[in-house]
Amino acid sequence: MTEPKHIALVTGAGSGIGRSTALALLTAGYRVVLAGRRPAPLAETQSLAGALGEHAFPVEADVSDPHSVDRLFQNCLDRFGRLDLLFNNAGVGAPPIPFEDLTFEQWNQVVAVNLTGSFLCAQAAFRVMKAQTPRGGRIINNGSISAHAPRPDSAPYTATKHAITGLTKSLSLDGRKYDIACGQIDIGNAATAMGGRMAAGVAQANGTIAAEPLMDVAEAARAVVYMASLPRDVNVQFLTVMATKMPFVGRG
């Protein structure tokens, strides 16, 4: 059997944007490492791929744990021998409660997964991509509309997503000498289990509760595949894809 040309690793591949993107990458001809904390959702993602599931490799991993991340990337190398694309997607939020009521543990969990996890995975990808032949690769970080503007009672999530923008810029600069491109996708109101609550009504900046439009999560996945498909000497630095009528432009 002819080996597919490109190898991708997707964190948070057991649900939502990660699952949709993993399936889209498989359709585009990638072999995909499916990373996530729970084996059952990863197995479901692989099953949803149908016949293409033979090109998916589920690996249980906690991106906030350095040892777990090391094992994840070693599993990728042992199975496929290289890595062409990392989609840094895993993320969590804290309960939408007043800022003064947040606990340190709630804050720290969001920082550990969203920011430290992205750092650990990007660092591991750098080490692989700079050493492989042919050298280089691409990292796509999942930012958020919250990388630009916060929602009420979302300080931990918003702070980490603003930090992801800084991480993206640093990786983009530091990766040049290794032929590693890095960009960021900022997604607004994708119809996932996490984003679907927008349709039921969420807090607005003026204190009201309002339902917000959603977009098909497959469109977010299609945007990631587009970014990944570019030749190595071309990079989408930042891309925003969102439901057209979501209250982002004009917010505040």
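Hydrogens, waters and symmetry mates are skipped; everything else that's a heavy atom, side chains included, is used.
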query: What's the verdict on side-chain hydrogen bond (donor to acceptor under 3.5 Å, both in side chains) for Q106 and N108, showing C-alpha distance, side-chain angles and the deciding distance?
result: CA-CA 6 Å; Q106 288 168 329; N108 209 39; over 6 Å; no

Contact between [X] and [Y] at the side-chain level, heavy atoms closer than 4.5 Å - yes or no?
| X | Y | result |
| --- | --- | --- |
| Q109 | E105 | no |
| N75 | F57 | yes |
| L23 | L48 | yes |
| Y157 | N114 | yes |
| P58 | T45 | no |
| M227 | I185 | yes |
| Q184 | T165 | yes |
| V224 | V10 | no |

Between [X] and [Y], what is the shortest heavy-atom contact and its length?
| X | Y | value |
| --- | --- | --- |
| A159 | W107 | CB-CH2, 3.9 Å |
| F126 | L171 | CZ-O, 3.7 Å |
| S64 | V113 | CB-N, 4.3 Å |
| A35 | L9 | CB-CD2, 4.3 Å |

- request: Drop me the distance from T116's OG1 to L167's CG, to the nearest 0.5 angstrom.
  value: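 One gets 10.0 Å once the value is rounded to the nearest 0.5 Å.
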
Separation of I7 CD1 from H55 NE2 (nearest 0.5 Å):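 Answer rounded to 0.5 Å: 10.0 Å.
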
- prompt: After noting the C-alpha distance and the side-chain angles of Q74 and D70, does the key distance pass the side-chain hydrogen bond (donor to acceptor under 3.5 Å, both in side chains) rule?
  reply: CA-CA 6 Å; Q74 189 59 54; D70 286 344; over 6 Å; no

More than 12 heavy atoms from other groups under 6.0 Å of CZ on F238: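 More than 12 heavy atoms, drawn from other residues, nucleotides or ligands, come within 6.0 Å of this atom.
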
field: Worked verdict on M215 versus V241 for side-chain contact (heavy atoms from CB on, under 4.5 Å)
entry: CA-CA 9 Å; M215 69 171 182; V241 57; 4.0 Å; yes

query: Got a sec, which hydrophobics cluster with L214, joining ILVMFWY side chains under 4.5 Å apart, including via others?
result: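 When side chains under 4.5 Å apart are linked, the cluster holding L214 also contains M198, V202.
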
message: Taking the cut-offs as 6.0 angstrom to the six-membered ring centre and 45 degrees off its axis, would you call R31 and F80 a cation-pi pair?
response: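 No - R31 does not lie over the ring of F80 by the 6.0 Å and 45° rule.
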
Partners meeting salt bridge (Lys or Arg N to Asp or Glu O under 4.0 Å) with R222 (sequence neighbours left out):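 Here the qualifying residues are E219.
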
message: Give me each pair satisfying salt bridge (Lys or Arg N to Asp or Glu O under 4.0 Å) with a member in residues 32-48, each pair once, sequence neighbours excluded.
response: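 Only R19-E44 qualify under salt bridge (Lys or Arg N to Asp or Glu O under 4.0 Å).
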
message: What verdict does the side-chain contact (heavy atoms from CB on, under 4.5 Å) test give for V236 and L230, after you've listed the backbone C-alpha separation in whole Å, the side-chain angles of each residue and the deciding distance to 0.1 Å?
response: CA-CA 8 Å; V236 173; L230 295 171; 3.5 Å; yes

Distance-only donor-acceptor pairs under 3.5 Å for side chains of residues 90-99, two or more places apart:
none

- prompt: Between the main-chain N or O of G16 and the side-chain N or O of S20, is there a donor-acceptor pair closer than 3.5 Å?
  reply: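 No; judged by distance alone, with no hydrogens or angles, the pair does not exist.
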
field: Check: D62/S68 side-chain N/O donor and acceptor closer than 3.5 Å
entry: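 There is no such pair (donor and acceptor under 3.5 Å, judged by atom type) between the side chains of D62 and S68.
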
field: Sidechain N-carboxylate O distance under 4.0 Å for D174, R176
entry: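 No, no charged N to carboxylate O under 4.0 Å.
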
query: Going by the side-chain hydrogen bond (donor to acceptor under 3.5 Å, both in side chains) test, which pairs reach into residues 130-145, not counting sequence neighbours?
result: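 Output for this query lists N88-N141, N89-N142, K130-Y178, R135-D179, R138-N235, N141-T168.
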
- request: Enumerate the residue pairs fulfilling side-chain hydrogen bond (donor to acceptor under 3.5 Å, both in side chains) with a member in residues 196-206, sequence neighbours excluded, ordered by first and then second residue.
  value: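 Pairs touching residues 196-206 that pass the test: Q204-E212, N206-T208.
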
